[in-house]
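Let me begin by presenting the structure, written as structure tokens, before commenting on it.
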Number of protein chains: 4
Amino acid sequence: MMTVSSLFKDTEKFKNIIEIFAVKGYHPATMDEIARATGVAKGTLYYHYKNKEDLYYSVIEYGVHILERSVRQALQNQTDPALKLKELIREVLNFFDLYSNIAFIFLRELYGNNIRRDVLSGLVQRIIQIIGEILAEGKEQGIFTVKDVDTCATAVFGAVSATAIRSINKHGRVRSVQVQSHIENLVFNGLLAE
Amino acid sequence: MMTVSSLFKDTEKFKNIIEIFAVKGYHPATMDEIARATGVAKGTLYYHYKNKEDLYYSVIEYGVHILERSVRQALQNQTDPALKLKELIREVLNFFDLYSNIAFIFLRELYGNNIRRDVLSGLVQRIIQIIGEILAEGKEQGIFTVKDVDTCATAVFGAVSATAIRSINKHGRVRSVQVQSHIENLVFNGLLAE
Amino acid sequence: MMTVSSLFKDTEKFKNIIEIFAVKGYHPATMDEIARATGVAKGTLYYHYKNKEDLYYSVIEYGVHILERSVRQALQNQTDPALKLKELIREVLNFFDLYSNIAFIFLRELYGNNIRRDVLSGLVQRIIQIIGEILAEGKEQGIFTVKDVDTCATAVFGAVSATAIRSINKHGRVRSVQVQSHIENLVFNGLLAE
Amino acid sequence: MMTVSSLFKDTEKFKNIIEIFAVKGYHPATMDEIARATGVAKGTLYYHYKNKEDLYYSVIEYGVHILERSVRQALQNQTDPALKLKELIREVLNFFDLYSNIAFIFLRELYGNNIRRDVLSGLVQRIIQIIGEILAEGKEQGIFTVKDVDTCATAVFGAVSATAIRSINKHGRVRSVQVQSHIENLVFNGLLAE
DNA sequence: CATGAATGAGTGTTCATTCAT
DNA sequence: CATGAATGAACACTCATTCAT
């Protein structure tokens, strides 16, 4: 269950805010600009959020919520860990394609020190945890050979994210299908030929 | 060959500047603070660098230079692509351990939009290119099965970086040995058991 | 006769508002805060008072009204100017003890330039006028030796107020009995021995 | 010894700042306005003072310093407590005439709650302490009949200040000579006729 | 009568940059 | 070469006030 401030009921407003934070980054994005983009007065922003940081946090939280929900949904119908992982990779790439702006924000927070490092990167970690759960399950069933589940989950997320961003930078969007096939190849079979 | 502004002759000063940018991020880091940390007057900073952006760029460039040099050096003695890749991973993890502050800066710039996105992320891409060269070589020799060299290189770099950061976050430094073995396992053999 | 807005029927609310204005001062006190302290919505405040200034004015007016009334009441039974003055000093000190918060507001307005200087300090002047009346009476009867009645009345009020505030600052409240005896001594006999 | 920020070397600037704070009060006075009045950029204000509060504090401290110095100077040549007190009253009234703006600030801080109540009113208390010293001396020599020295000193200062302010309000400036004679009369002989 | 969401003008404060010395 | 005082544009944030319900 997730309560979203009334200001975000309007998805359009939400997307506009995301875009500003994503394109310019946290600090260069100004509250004036955000107010203009959302069509409300600056004071209204402060009526709903304690401060800029709080607004930023809410945006990220909402983004994580969306991604997490769609991933969990996609996993529901799968029982095989390998298929689960494929689904997850597909969903993440899909999300990054749909909300490419948020992808940048996520990664910047994961590696960044913008604000409230702990909390924000913690949010993003939730996605990595889901990967970890799948890996653990697969390891138990003897399908995956994984030494350290957490490290491996992180590596998989790092690989997916980096390639997604690369695709966006190169083609303007995430070419999910191609990227997915390349990633799966690497992740499942590794580099070594037979 | 790399000319470093006379201000950086003193490695100590350089490290101090890196730390400030790494810990606080580009925007929150102030010129006052940097001047204080380096023990020179603020005006002196502007005597050596056109502006804050230029100073930041120089720091990153110098960092990339160090990493690139040590990687190239490590690869010199290797001919086998697989061993080359192992060496590279080891060197990158080593570098991230030695200069963990710079690691954060690199990744933030790779994914970030701080300033001069193109130039800065371009700098970091140079490391990815080296990975690409190795993969291409290994593919040619039939050792690696790689569909898209660039995507795969990016994925490998993403995997290595993400786990390195994770190790820093968790243990305060990069536990190179453990991380390396896990990464190699994933990258070379993939997840699937036999 | 004094009509108090219906909002002040509840003395508790009134005291809460006084306290906020007294402790924080006019500008730092916010309407939000006042609304919260009185348990009504902010809009309700504006329903009863034209604006913040008007609310503040009403508070002071009400305070002056209380003090003036109790002073006049105490003077009713006295005919001797000297006794009258003693009674007045006692009442003022009493009032400052009972409503120490309002004491601060009074003095600040007397010497201050907050808002509507003329009107507000004029309100407080009413108390000084009463002192003046007593002095004039005593002068006429040959009991008091006063050159300039107004100046002297002001001096007496200044002496009483300053010592009252000092007592509050030092002991947390006005120690009426002690302060009164000291003040009377000074005011009636002066400093000079014999 | 008193070090005054370089910005106050220029007495004109100092007087301008005082006037703004005195006429408008702490909160309504804006840094923009002060910058304009002193002919420096707003940033320059912040280069010399940590913030508005610090600037305000410095102004008051400087004022207290001036008053204290001129009072101490005037007392040097006097040995008789009664004459000392007369000199002090004259100096204070003189100061209030010369720097009538500062008089308002002093009293507002003495009774007010603007900012840093403790520190600022403490500053003003220094003047009251000097009065106390004189009273104590006179008491010891059997010249003054004073029960509580501190209370009495406060009362005297209150009487002087209130009448000074009254004179300013009424005549636009402190008519030192007249006010002094009235005050002395009250303070030394009291109200009672023979 | 009462509410509280929305407003936007106003203000304190920061900080990269300049330049006279 | 180096300095640090001075600058002013830019920004986050506040809060008295309004008004539709």
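Just so we're on the same page: letters track the sequence lines, and every chain starts at 1.
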Next on the checklist: Whether C:Lys52 engages the ring of C:Phe21 as a cation-pi pair (distance to the six-membered ring centre under 6.0 angstrom, angle to the ring normal within 45°) should be assessed.
Outcome noted: no

Next on the checklist: Is the ring pair D:Tyr62/D:Phe14 parallel, tilted or perpendicular, if the boundaries are 30 and 60 degrees?
Outcome noted: perpendicular

Item to check | Shortest non-hydrogen contact between A:Arg126 and A:Val64, atoms and distance | outcome: NH2-CG1, 3.9 Å

Checklist outcome for this item: The contact string for nucleotides 13-21 of chain E, one letter per nucleotide 5' to 3', using protein heavy atoms under 4.0 Å with B, S and - for base, sugar-phosphate only and none, comes out as BBSSBB---

Checklist entry - Side chains of D:Tyr99 and D:Glu19: do they bring a donor and an acceptor to under 3.5 Å? => result no

Checklist entry - For F:dT14, what is the paired nucleotide under Watson-Crick or G-U wobble rules, both distances under 3.5 Å? => result E:dA9

Item to check | Residue whose nearest DNA chain E nucleotide is more 5′ - A:Ala41 or C:Tyr47 | outcome: C:Tyr47

Checklist entry - Taking only residues two or more places apart in sequence, or in another chain, which ones meet B:Asn16 in a side-chain hydrogen bond (donor to acceptor under 3.5 Å, both in side chains)? => result none

Item to check | d(CZ, B:Arg36; C1', F:dT3) in whole Å | outcome: 16 Å

Next on the checklist: If you only use heavy atoms from C-beta on, which nucleotide in E:dA2, F:dA2, E:dG4 is closest to the side chain of C:Thr44?
Outcome noted: E:dA2

Checklist entry - Can you tell me the Watson-Crick or wobble partner of E:dT3, both distances under 3.5 angstrom? => result F:dA20

Checklist outcome for this item: From OH of C:Tyr49 across to P of F:dA16 the rounded distance in Å is 16 Å

Checklist entry - Which whole-number value in Å describes the distance from C:Tyr56 OH to F:dA16 P? => result 14 Å

Checklist entry - Once you round it to whole Å, what is the distance between C1' of E:dG10 and NZ of D:Lys24? => result 12 Å

Checklist entry - Without hydrogens or angle criteria, can the side chains of A:Tyr56 and A:Glu109 be said to hold a donor-acceptor pair below 3.5 Å? => result yes

